[in-house]
Amino acid sequence: MNIKIRTAKEGDAAVIAKSMIMSSRSGKKIGIFDLIFETSDDATLQHYLERLVSTDTKSYCHYSNFIIAEIHDKVVGLLCGYEPRIATHEIFTKALSEFGLDASYQERMSAYKLCEPTFDKKTWVLDFIYIDPEYKSLEVLKTLVQKNLLTARLKGYRQVQTLLDIGSVETRMDYEKLGFEYLDEKRSDYFAEVFLRPGILRLSMHL
């Protein structure tokens, strides 16, 4: 399988936005962006997220944090890798303000925040990982992760973490095959009520 990895460009905003909708829901009825933007309409979410990934403020959702996997020039996977010490909640709020969304979105995220982990300044985070179901294989995920972790090492990071919904057994097994290990988890009845999942678990790997 000839997999090409490239850095995302602003022109990839549409495909990035679509992948963010899919990965944030990850089989759930709603995801975090449904709450932030107060809608579950895919077209509306697509519109907002295309703007979010292209803001002048570089939040963790910015296109520059994404890499893209292609096979025969077709996008088959995406991955976001970012530095929590730089891409803070304050930066995210500033990015949203560029197109008129105020900080009230944080109240709508209250269920998520109950299970959201705190990352230290020495941690590199993988997020918004999406593999096209037609090309879903460990090889695509492995290639994306290895390429992104090379960037993390070059920036001096020695620890990487990623988040999964508790109960995502198959995805967790794939990450463990790549060397990730269980770190911790947070559960909440309120989270379960909103997302129909018990909570969030964190996987970690030393580089």
Side-chain angles (χ1 to χ4, degrees), residues 6-68 75 77-121 123-132 148 151 155 161-165 186 188 190-197 199-200 202:
R6 65 174 177 83
T7 303
K9 306 181 292 291
E10 187 170 5
D12 296 308
V15 70
I16 292 173
K18 183 178 179 180
S19 73
M20 289 170 69
I21 294 171
M22 300 295 289
S23 62
S24 64
R25 288 175 179 167
S26 187
K28 304 187 294 293
K29 185 177 180 180
I30 65 170
I32 189 63
F33 294 113
D34 298 71
L35 300 180
I36 290 173
F37 296 112
E38 294 187 279
T39 180
S40 291
D41 177 71
D42 287 357
T44 304
L45 285 176
Q46 180 77 21
H47 170 73
Y48 281 129
L49 288 172
E50 285 185 30
R51 298 181 70 179
L52 177 60
V53 304
S54 304
T55 53
D56 292 333
T57 302
K58 293 185 178 181
S59 72
Y60 72 101
C61 298
H62 196 264
Y63 71 84
S64 60
N65 291 325
F66 282 80
I67 57 174
I68 294 176
V75 175
L78 298 92
L79 179 152
C80 174
Y82 70 94
E83 303 170 84
R85 67 181 182 85
I86 296 175
T88 62
H89 284 298
E90 290 75 20
I91 292 296
F92 183 70
T93 299
K94 184 179 179 182
L96 290 173
S97 72
E98 288 190 24
F99 51 95
L101 197 69
D102 61 34
S104 64
Y105 78 90
Q106 296 187 42
E107 297 177 13
R108 298 189 291 275
M109 290 178 59
S110 56
Y112 179 83
K113 286 185 175 181
L114 289 172
C115 294
E116 183 181 30
T118 300
F119 299 107
D120 64 41
K121 294 182 178 180
T123 300
W124 180 269
V125 175
L126 303 183
D127 205 347
F128 303 125
I129 301 164
Y130 176 75
I131 309 297
D132 186 328
N148 198 256
T151 300
K155 288 179 177 289
Q161 295 177 8
T162 192
L163 308 179
L164 300 176
D165 290 326
K186 289 185 178 180
S188 161
Y190 186 26
F191 185 97
E193 179 183 337
V194 173
F195 296 106
L196 303 181
R197 298 290 175 85
I200 294 174
R202 184 162 46 166

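Computed from heavy atoms alone, side chains included, the values below leave out hydrogens, waters and symmetry copies.
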Would you compute the distance between atom [atom1] of [X] and atom [atom2] of [Y] and round it to the nearest 0.5 angstrom?
X    : Y    : atom1 : atom2 : result
S19  : I129 : OG    : CD1   : 10.5 Å
I200 : L163 : CD1   : CG    : 6.0 Å
I86  : K121 : CD1   : NZ    : 11.0 Å
M20  : Y48  : CE    : OH    : 15.0 Å
T7   : D12  : OG1   : CG    : 10.0 Å
L79  : T162 : CG    : OG1   : 7.5 Å

Between [Y] and [X], is there a side-chain heavy-atom distance shorter than 4.5 Å?
X    : Y    : value
I21  : R25  : yes
N65  : C80  : yes
L52  : F99  : yes
D132 : V75  : no
I36  : M109 : yes
L35  : F195 : yes
I16  : L78  : yes

Classify the ring geometry of F92 against Y105: parallel below 30°, tilted from 30° to 60°, perpendicular beyond 60°. perpendicular
Evaluate the ring planes of Y112 and F191, with Trp represented by its six-membered ring, and classify them as parallel (under 30°), tilted (30 to 60°) or perpendicular (over 60°). tilted
Taking only residues two or more places apart in sequence, or in another chain, which ones meet E83 in a side-chain hydrogen bond (donor to acceptor under 3.5 Å, both in side chains)? R85, Y157
Applying side-chain hydrogen bond (donor to acceptor under 3.5 Å, both in side chains), can you list everything that pairs with K113, at least two apart in sequence or on another chain? Q106
Applying side chain to side chain donor-acceptor pair (under 3.5 Å), run through T39 and D41 and close with a yes or a no. CA-CA 6 Å; T39 180; D41 177 71; 5.1 Å; no
What are the two closest non-hydrogen atoms of [X] and [Y], and how far apart are they?
X    : Y    : value
T118 : R202 : O-NH1, 3.2 Å
G199 : C115 : CA-SG, 4.0 Å
K186 : P117 : NZ-CA, 4.1 Å
H62  : S64  : ND1-OG, 2.7 Å
G81  : L126 : CA-CD2, 4.4 Å
A111 : V194 : CB-CG2, 3.7 Å

Kindly indicate, with the supporting measurements, whether the criterion side-chain contact (heavy atoms from CB on, under 4.5 Å) is fulfilled by Y63 and I68. CA-CA 10 Å; Y63 71 84; I68 294 176; over 6 Å; no
D34 bridged to K29 by N-O distance under 4.0 Å: no
Could you check whether any side-chain N or O of E98 sits under 3.5 Å from a backbone N or O of T57, counting only pairs where one atom can act as donor and the other as acceptor? yes
If you count every heavy atom of other residues, nucleotides or ligands that lies below 6.0 Å from K58 atom NZ, does the total exceed 12? no
Between T88, T93, I91, which is the residue that forms a side-chain contact (heavy atoms from CB on, under 4.5 Å) with S59? I91
Evaluate side-chain contact (heavy atoms from CB on, under 4.5 Å) for Y60 paired with D127, printing each intermediate quantity in order. CA-CA 9 Å; Y60 72 101; D127 205 347; 4.0 Å; yes
Taking the six-membered ring for Trp, are F119 and Y82 closer than 6.0 Å centroid to centroid? no
Between L101 and F37, does a side-chain contact (heavy atoms from CB on, under 4.5 Å) hold up when you go through it step by step? CA-CA 8 Å; L101 197 69; F37 296 112; 3.9 Å; yes
